[in-house]
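Reminder, nothing fancy here: chain letters follow the sequence lines and each chain counts from 1.
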Number of protein chains: 2
Amino acid sequence: MEKTGLNDQESLLSLENFLCFAIYSTANAVTRAYQPRLAALGLTYPQYLVMVVLWEEENQTVKAIGEKLSLDSGTLTPLLKRLETAGLITRRRDTVDERQVLIGLTADGRAMRARAEAVPVAMGKAFGCTMDEAKSLRSELIVMRDNLIESIEEVK
Amino acid sequence: MEKTGLNDQESLLSLENFLCFAIYSTANAVTRAYQPRLAALGLTYPQYLVMVVLWEEENQTVKAIGEKLSLDSGTLTPLLKRLETAGLITRRRDTVDERQVLIGLTADGRAMRARAEAVPVAMGKAFGCTMDEAKSLRSELIVMRDNLIESIEEVK
DNA sequence: GCATATTAAGTTGCACACAATTAAATTGTA
DNA sequence: TACAATTTAATTGTGTGCAACTTAATATGC
């Protein structure tokens with residue numbers, strides 16, 4: 001007689017997987033779903049996120065962008081260089097603190113915002129949920145994300 | 001007078017971002033949180049997912065594994081080669097249909113399952129939510145994921 | 001029976017993610 | 001004011017993801 005209340009099909013190795021895997025596979029689907037909608041702008045999904053952050057506030061440091069997106073310089077530096085090559089952003093050393101690099105928008109980068117407005121409209125339909133569902137799901141995920149990040153510190 | 005009911009802070013370009021970004025950044029956090037727990041097994045998170053699929057059923061084709069994990073051969077082929085090099089899985093052509101490659105477990109791969117049982121226990125705590133919360137969040141995400149995947153077909 | 005279409009896996013090229021390390025600038029402190 | 005500790009980006013190396021393409025094998029239609 002099993003005392004766990006779980007049968008073979010519900011073993012921990014299958015069951016627990018599902019939440020993490022649901023997150024993982026949904027995130028992959030998000031990226032794939034954005035791709036055709038971002039193609040007109042010539043942006044990848046992470047590049048789009050950086051542009052959104054910059055449309056909200058110009059002249060942020062690499063570190064500030066990284067904190068907002070939970071990405072480190074190993075990811076951001078090459079990504080920002082590609083956005084610079086594409087003529088969308090500017091990168092310049094802060095003259096006061098020369099460790100920092102300030103990321104700004106070019107006229108093209110600023111102008112892209114208007115065209116980008118169509119993306120969330122299209123994606124809203126693709127998600128296929130109500131605004132309220134989206135909001136509650138979002139807040140649940142953020143709680144969980146912060147729990148996970150906290151747990152990483154503890155393991156170290 | 002605005003008719004949208006949204007102020008500047010709630011513009012579509014910020015607002016809609018949050019659900020997709022919550023999913024994206026939580027998925028990154030999931031991978032980072034698993035990493036130290038999987039290090040003892042010498043597995044990455046996607047490799048762990050493949051092993052879980054194989055622990056549930058041996059001798060699956062690359063395609064079958066790919067359908068379960070929503071990954072294509074471009075991702076799986078090199079990943080499976082690494083697992084083969086690590087001595088955890090076997091790869092052999094199906095003699096009946098030689099287009100297919102059957103993925104099996106080695107004795108080491110099979111034996112790893114027992115050690116892997118500790119991973120979901122540790123991760124369950126890291127997520128910091130109840131089993132019921134996890135279940136409902138999981139099903140909401142899967143609905144959304146399938147909506148997204150369907151929408152990709154429509155765009156093409 | 002045979003040309004055509006389809007399918008499965010592999011390959012190529014590009015762009016993330018992230019750990020670990022490095023280099024340069026700034027801060028803290030004795 | 002030296003000088004060690006910290007901070008910021010950049011760099012290096014590995015492993016995904018995925019689109020686009022190739023190759024080989026099987027299925028299909030006529």
Side-chain angles (χ1 to χ4, degrees), chain A residues 21 24-36 38-39 42-50 60-67 69-86 91-103 148-149 152-153 155-156, chain B residues 21 24-36 38-39 42-50 60-67 69-86 91-103 148-149 152-153 155-156:
Chain A
F21 174 62
Y24 163 84
S25 60
T26 305
N28 286 344
V30 165
T31 305
R32 287 199 304 273
Y34 265 94
Q35 194 271 322
L38 290 174
L43 294 176
T44 64
Y45 178 67
Q47 289 169 7
Y48 167 73
L49 289 179
V50 168
Q60 299 189 61
T61 63
V62 174
K63 180 178 175 58
I65 296 170
E67 277 171 357
L69 298 180
S70 287
L71 295 174
D72 68 3
S73 67
T75 301
L76 283 176
T77 297
L79 187 157
L80 292 168
K81 283 183 179 173
R82 281 186 283 271
L83 288 178
E84 185 184 35
T85 302
R91 301 166 63 240
R92 60 186 160 79
R93 287 275 162 190
D94 187 332
T95 50
V96 178
D97 184 343
E98 292 202 352
R99 289 172 302 181
Q100 302 185 143
V101 169
L102 289 170
I103 308 298
L148 286 170
I149 290 172
I152 298 171
E153 303 305 320
V155 176
K156 278 180 182 170
Chain B
F21 174 61
Y24 163 84
S25 60
T26 305
N28 286 344
V30 165
T31 306
R32 287 199 303 273
Y34 266 93
Q35 194 271 323
L38 290 174
L43 294 176
T44 65
Y45 178 67
Q47 289 169 6
Y48 167 73
L49 290 178
V50 169
Q60 299 189 60
T61 63
V62 174
K63 181 178 173 58
I65 296 170
E67 277 172 356
L69 298 180
S70 287
L71 295 174
D72 69 1
S73 68
T75 300
L76 283 176
T77 297
L79 187 156
L80 291 168
K81 283 184 179 172
R82 280 188 280 272
L83 289 178
E84 186 184 33
T85 301
R91 287 160 15 98
R92 61 185 160 77
R93 285 275 162 192
D94 187 332
T95 50
V96 178
D97 184 343
E98 292 201 352
R99 287 173 303 182
Q100 301 185 143
V101 168
L102 289 170
I103 308 298
L148 286 171
I149 291 173
I152 299 171
E153 304 306 319
V155 176
K156 278 181 182 170

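Each of A/A64 and B/E98 has a nearest nucleotide on DNA chain D; the 5'-most of these lies closest to A/A64. Projected onto DNA chain D by closest heavy-atom contact, A/P78 and A/Q100 fall at different nucleotides, the more 5' of which corresponds to A/Q100. Between A/D94 and A/T31, it is A/T31 whose nearest contact on DNA chain C lies nearer the 5' terminus.
When rounded to the nearest whole Å, the span between CG of A/N28 and P of D/dG15 equals 18 Å. The nearest whole Å value for the distance from the CG atom in A/D97 to the P atom in D/dT7 is 12 Å. D/dA19 atom P lies 13 Å from atom CG of A/L38, rounded to whole Å. Distance B/L76 CG to D/dA19 P: 14 Å, rounded to the nearest Å.
When the nucleotides D/dA10, D/dC18, C/dG10 are ranked by their closest atom to the side chain of A/V62, D/dA10 comes out on top. Nearest nucleotide to the side chain of B/Q35, out of C/dA17, C/dA19, D/dA10: C/dA19. Proximity note for A/T61 (side chain, C-beta onward) versus D/dT16, D/dA9, C/dA17: the nearest is D/dA9. The listed nucleotides are C/dG10, D/dT16, C/dT26; the one nearest the side chain of B/R82 is D/dT16. Of all nucleotides listed (C/dC16, C/dA19, C/dG10), C/dG10 comes nearest to the side chain of B/S73. Relative to the side chain of A/R99, the nucleotides C/dT26, C/dC16, D/dA25 differ in distance, and C/dT26 lies closest. Comparing C/dG10, C/dC16, C/dA9 against the side chain of B/K63 picks out C/dA9 as the nearest. Ranking C/dC16, C/dC18, D/dG17 by closeness to the A/L79 side chain, first place goes to C/dC16. Which of C/dC16, C/dA17, C/dT11 sits closest to the side chain of A/L71 comes down to C/dA17. Of the candidate nucleotides C/dA17, C/dA9, D/dC18, C/dA9 has the atom lying nearest to any side-chain atom of B/V101.
Counting distance only, with no hydrogens placed and no angle test, the side-chain atoms of B/T44 and the base atoms of D/dG15 include no donor-acceptor pair under 3.5 Å. The base of D/dA9 lies outside donor-acceptor range of the side chain of A/T77, with no N or O pair under 3.5 Å.
Ring orientation note: the planes of A/Y48 and A/Y34 are tilted relative to one another, at an angle of 30° to 60°.
Residues A/L49 and B/Y24 come closest through the heavy atom pair CD1-CE2, 3.5 Å. Between B/P78 and B/S73, the shortest heavy-atom distance links the atoms CD-O, 3.9 Å. Minimum heavy-atom separation, B/R93 to B/R99: NH1-O, 3.0 Å. The two atoms that bring B/A33 and A/L148 nearest to each other are CB-CD2, 4.0 Å, heavy atoms only.
In this structure a side-chain-to-backbone donor-acceptor pair under 3.5 Å is present from A/D72 to A/T75.
Residue B/S70 is in sugar-phosphate contact alone, with no base atom involved, counting any heavy-atom pair closer than 4.0 Å across all strands shown. Among the protein residues, A/V96 comes within range of the sugar-phosphate backbone only, with heavy atoms under 4.0 Å from sugar or phosphate atoms but none that close to a base.
OP1 or OP2 of C/dA17 lies within a sub-4.0 Å distance of a side-chain N or O belonging to B/Y24. Taking only side-chain nitrogens and oxygens, A/R32 comes nearer than 4.0 Å to OP1 or OP2 of D/dC18. Side-chain N/O atoms of A/R91 include one lying less than 4.0 angstrom from OP1 or OP2 on D/dA10. Put simply, A/K81 has no side-chain N or O that comes within less than 4.0 Å of OP1 or OP2 on C/dC16. Listed pair B/Q47 / D/dG15 fails the phosphate criterion, with no side-chain N or O lying under 4.0 Å from OP1 or OP2.
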